[in-house]
Every structure is written in C-alpha cells, then in structure tokens.
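Side chains included, hydrogens not; waters and symmetry mates left out as well; all remaining heavy atoms used. Note that the structure is a prediction, hence the values are computed from the model and not measured.
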Amino acid sequence: MRYFIELSYRGTSYHGWQRQPNGMSVQEMIENALATILRQPVSIVGSGRTDTGVHAGQQFAHFDQEEPVRLSPQLVHSLNSLLPADIAIRDIFPVRADDHARYTALSRYYQYQIIRQKDPFLAGLAYVFRPALDVERMNEAADLLRNHTDFESFSKVKTDVRTFNCRIEFAYWERNRSGTAADLTFHIKADRFLRGMVRAIVGTLLMVGQGRMSVAEFDRIILARDRKQAGRAAPAEGLSLVEVAYPAEVFSNRQNPASHVRVTV
C-alpha cells in the first residue's frame, strides 16, 4: 500500500530535503522516525528537492508498505514526538498505488521574503536586503516569465534533467504594508521548477529593481539559456515552498480533509 505524508519544516538546520552522505537532511530525519515507529526501514519520495536552508510550509512525500499501516492521530503524534521541533508531520493518508508525490503533482508554489532591516522574528526566514528597489519594474520583468517555457538560464549548471521547460502560472512581487510580515514577497507558481531556479530568478530580478539591469535585458537573459548571464542566486533563507497541488482524487481516502491547508513558515 502507498501512503502520502503532508509535512512542513524550517530548513535552516538541514542540507536540503534529499538524503546526503555528509549532512543531515529532512528526508533522513523522517525516514528514521518512520523506521522507528513501523519497526522496519522506510524510504520516502518527496514532491521535490528543496536546497540547503530552504523551508516548506507544505511538502508532500510518499512511502510504500506491504502491510497496511494503522492510521490514527496517535501515529502522527508519535512521529512528531520523535522529530525535532523544526519538522512537523501534518497528516498521513492512503492513496492509490500509482499516485506519486513528485510526478502526480500538478504545481508547486513558492514565496521569497525580503525584509529591509533585521527582525529577530523573521531571522532565518527572510533575506535582509537594504538597497532601494523599483518594485513596479521588477513586476514588469517578472511578468515576462509567463511568456517563456525554457529556463535554462536560471538552472544550476550541473543538474540531471531531460528538459529545462516549465510552465509558469504567475510570478509577481507584493509589498506588505501591515508591518507584521516580510516587507516584500515574491510569489511564483509553476508545474515544475529546476534546481536553484527560484533563487536565481529572485537574484536577477533584484538587479532589475536596483537599476543594474533593464527589463529588456532580463528578457534577453531568458532567451540566452545561459546561467552565466543571469544574476547571483538569492540566499536560501528567504525561500519557502508553500503549496503543492494534486488532483482531487489523490485526497479521496483522506480521513481529515480539513488538515489540507498551507502552513506559513
């Protein structure tokens, strides 16, 4: 039987999602906790790989078991008791045998948070960036992303993918005037993302906002399909995966549909 896990985590202390030979990952922590509870080795597959220091308000993973798992709130509680405070299991539920955490996903939605001055309540969750920014011009450039499908210019160079194509649904910057969250948030949603893609886009858009690059130059960088022409990747701490979407059928056997909500980190 196959099961989906919904979880969230603060990625500051981890070498990304995927298990690493020389560093602790979110995947390894969850696999260890599951193995303890189920009393056998467990391998999980995530909806995507977040980099070192990147957070997730909502992430999904799946695992397979030959024998049915007795699902209950106590199971979730027991797993959370074994996990550190910066990783939380939200729910575990059965799915169809061909439902896949990565390949069945319809879209991923990321946010990147920027603050203008140090804030102890957002430490590790937002990028402190003080230079003045032209947000309107950044949004003009960001809107161009929807006109393209090949984003090799924003992909890490050494990455094993068959295509650099992604379909971007939206990409825009939003000012926050409430004073209770980040001063500036970048929103981007697509069917898939390349390794390092969002951080490279953010870093390049910050160049546009500072007047160091024109909107036309930003468009030409996309067309160039050359990572060297794009800007430096923005730091990991500002980036969060906030939503992974699936067809409704994936959740048909879920006992607690109310738990299917995004968690802000």
**Q** Is the shortest heavy-atom distance from the side chain of V54 to the side chain of V198 under 4.5 Å?
**A** no
**Q** Between the main-chain N or O of V242 and the side-chain N or O of S240, is there a donor-acceptor pair closer than 3.5 Å?
**A** no
**Q** By the ring-ring contact (aromatic ring centres under 6.0 Å, His included) test, which pairs, at least two apart or in different chains, include something from residues 193-222?
**A** Y110-F193, F154-F218
**Q** What pairs of donor and acceptor atoms, side-chain ones from residues 137-145 against any protein atom, are under 3.5 angstrom apart with sequence neighbours left out?
**A**
residue, atom, partner, partner atom, Å
N139, OD1, W173, N, 2.6
N139, ND2, W173, O, 3.1
D143, OD1, R146, NE, 3.0
D143, OD1, R146, NH2, 2.8

**Q** Q20: what forms a side-chain hydrogen bond (donor to acceptor under 3.5 Å, both in side chains) with it, not counting sequence neighbours?
**A** none
**Q** Establish, from distance only, whether the side-chain atoms of S8 and R90 form a donor-acceptor pair under 3.5 Å.
**A** yes
**Q** Determine the minimum heavy-atom distance between S214 and V208, stating which atoms define it.
**A** O-CG2, 4.3 Å
**Q** For side chain to side chain donor-acceptor pair (under 3.5 Å), just list the numbers for S107 and E169, CA-CA rounded to whole Å, side-chain angles, deciding distance to a tenth of an Å, and then say yes or no.
**A** CA-CA 9 Å; S107 64; E169 183 174 332; 5.2 Å; no
**Q** Applying side chain to side chain contact (heavy atoms under 4.5 Å, CB included), run through L125 and H55 and close with a yes or a no.
**A** CA-CA 8 Å; L125 298 175; H55 319 290; 3.6 Å; yes
**Q** Check the orientation of H148 and F151. Use parallel for under 30°, tilted for 30 to 60°, and perpendicular for over 60°.
**A** perpendicular
**Q** Roughly how far, to the nearest 0.5 Å, is the CG atom of D99 from the CG atom of N253?
**A** 9.0 Å
**Q** State, yes or no, whether a side-chain contact exists between L71 and P94 at a heavy-atom distance under 4.5 Å.
**A** yes
**Q** Give the table of side-chain donor-acceptor pairs shorter than 3.5 Å for residues 29-41, with sequence neighbours excluded, one pair per line with atom names and distance.
**A**
residue, atom, partner, partner atom, Å
E31, OE1, R19, NE, 3.1
E31, OE1, R19, NH2, 2.6
E31, OE2, Q27, NE2, 3.1
E31, OE2, I44, N, 2.9
N32, ND2, E28, O, 3.3
T36, OG1, N32, O, 3.0
Q40, NE2, Q65, OE1, 3.1

**Q** Do you know the tightest heavy-atom contact between L194 and C166?
**A** CG-SG, 4.0 Å
**Q** Counting N and O atoms only, with roles assigned by atom type, does the side chain of S155 sit under 3.5 Å from a partner on the main chain of E152, one being a donor and the other an acceptor?
**A** no
**Q** Determine whether V250 and R96 make a side-chain contact, defined as any pair of heavy atoms from C-beta on separated by less than 4.5 Å.
**A** yes
**Q** Charged N to carboxylate O under 4.0 angstrom, R199 versus E237?
**A** no
**Q** Within the structure provided, determine whether R225 and D150 are in side-chain contact (heavy-atom separation under 4.5 Å).
**A** yes
**Q** What pairs meet the ring-ring contact (aromatic ring centres under 6.0 Å, His included) rule with one or both residues in residues 19-38, with sequence neighbours excluded?
**A** none
**Q** To the nearest 0.5 Å, tell me how far Y103 OH sits from R192 CZ.
**A** 9.5 Å
**Q** Measure across D91 and V76 and return the closest heavy-atom pair with its distance rounded to 0.1 Å.
**A** CA-CG2, 4.4 Å
**Q** Evaluate side chain to side chain contact (heavy atoms under 4.5 Å, CB included) for T50 paired with V26, printing each intermediate quantity in order.
**A** CA-CA 9 Å; T50 52; V26 178; 5.8 Å; no
**Q** Could you check whether Q111 and Y109, counting side-chain N and O atoms only, form a donor-acceptor pair closer than 3.5 Å?
**A** yes
**Q** Can you check whether Q210 reaches P131 side chain to side chain, under 4.5 Å on heavy atoms?
**A** yes
**Q** What residue pairs, at least two apart or across chains, pass ring-ring contact (aromatic ring centres under 6.0 Å, His included) with a residue in residues 12-42?
**A** none
**Q** Between R167 and D191, is there a side-chain N and carboxylate O pair less than 4.0 Å apart?
**A** yes
**Q** Around atom CZ of R49, are there more than 12 heavy atoms from other residues, nucleotides or ligands closer than 6.0 Å?
**A** no
**Q** In Å and rounded to the nearest 0.5 Å, what is the CG to CE distance from D51 to M197?
**A** 13.0 Å
**Q** Could you check whether any side-chain N or O of Y112 sits under 3.5 Å from a backbone N or O of Y127, counting only pairs where one atom can act as donor and the other as acceptor?
**A** no
**Q** With a 4.5 Å limit on heavy-atom distance, are the side chains of E243 and K189 in contact?
**A** yes
**Q** Please give me the minimum heavy-atom distance between A224 and S153, naming the atom from each residue.
**A** C-OG, 3.9 Å
**Q** Suppose we call two aromatic rings close when their centres sit under 6.0 Å apart. Are Y3 and F63 close by that rule?
**A** yes
**Q** Give the minimum heavy-atom separation between R227 and A200, together with the two atoms involved.
**A** NH2-CB, 3.7 Å
**Q** Is it the case that one hydrophobic cluster holds both L223 and I221, taking links as side-chain heavy atoms less than 4.5 Å apart, direct or via other members?
**A** no
**Q** Show your working on side chain to side chain contact (heavy atoms under 4.5 Å, CB included) between V135 and R175 and close with a plain yes or no.
**A** CA-CA 8 Å; V135 179; R175 290 189 181 94; 3.4 Å; yes
**Q** For side chain to side chain contact (heavy atoms under 4.5 Å, CB included), just list the numbers for R130 and Q117, CA-CA rounded to whole Å, side-chain angles, deciding distance to a tenth of an Å, and then say yes or no.
**A** CA-CA 7 Å; R130 294 187 58 80; Q117 60 184 2; 3.8 Å; yes
**Q** Using 0.5 Å steps for rounding, measure from the OG1 atom of T104 to the CG atom of D98.
**A** 6.5 Å
**Q** Do V95 and L106 sit in the same hydrophobic cluster, where Ile, Leu, Val, Met, Phe, Trp and Tyr count as joined when their side-chain heavy atoms come under 4.5 Å apart?
**A** no
**Q** For the atom pair CG (L241) and CD (Q58), what is the distance rounded to the nearest 0.5 Å?
**A** 7.5 Å
**Q** Is atom CZ of R102 surrounded by more than 12 heavy atoms (other residues, nucleotides or ligands) closer than 6.0 Å?
**A** no
**Q** Hey, is the main chain of V45 close enough, under 3.5 Å, to the side chain of H100 for a donor-acceptor pair?
**A** no
**Q** Hey, does L184 have a side-chain heavy atom less than 4.5 Å from the side chain of N176?
**A** no
**Q** When you measure from the side chain of D183 to the backbone of R116, do you find a donor-acceptor pair of N or O atoms at a distance under 3.5 Å?
**A** yes
**Q** Are F251 and F4, when compared by the centres of their aromatic rings, separated by less than 6.0 Å?
**A** no
**Q** Checking the side chain of H62 only, and the main-chain atoms of G46 only, is there a donor and an acceptor separated by less than 3.5 Å?
**A** no
**Q** How far does CG of L205 sit from CZ of F186, to the nearest 0.5 angstrom?
**A** 5.5 Å
**Q** Of all heavy-atom pairs between L7 and I5, which one has the smallest distance, and what is that distance?
**A** CD2-O, 3.9 Å
**Q** Is the closest basic N to carboxylate O distance between E217 and R212 below 4.0 Å?
**A** no
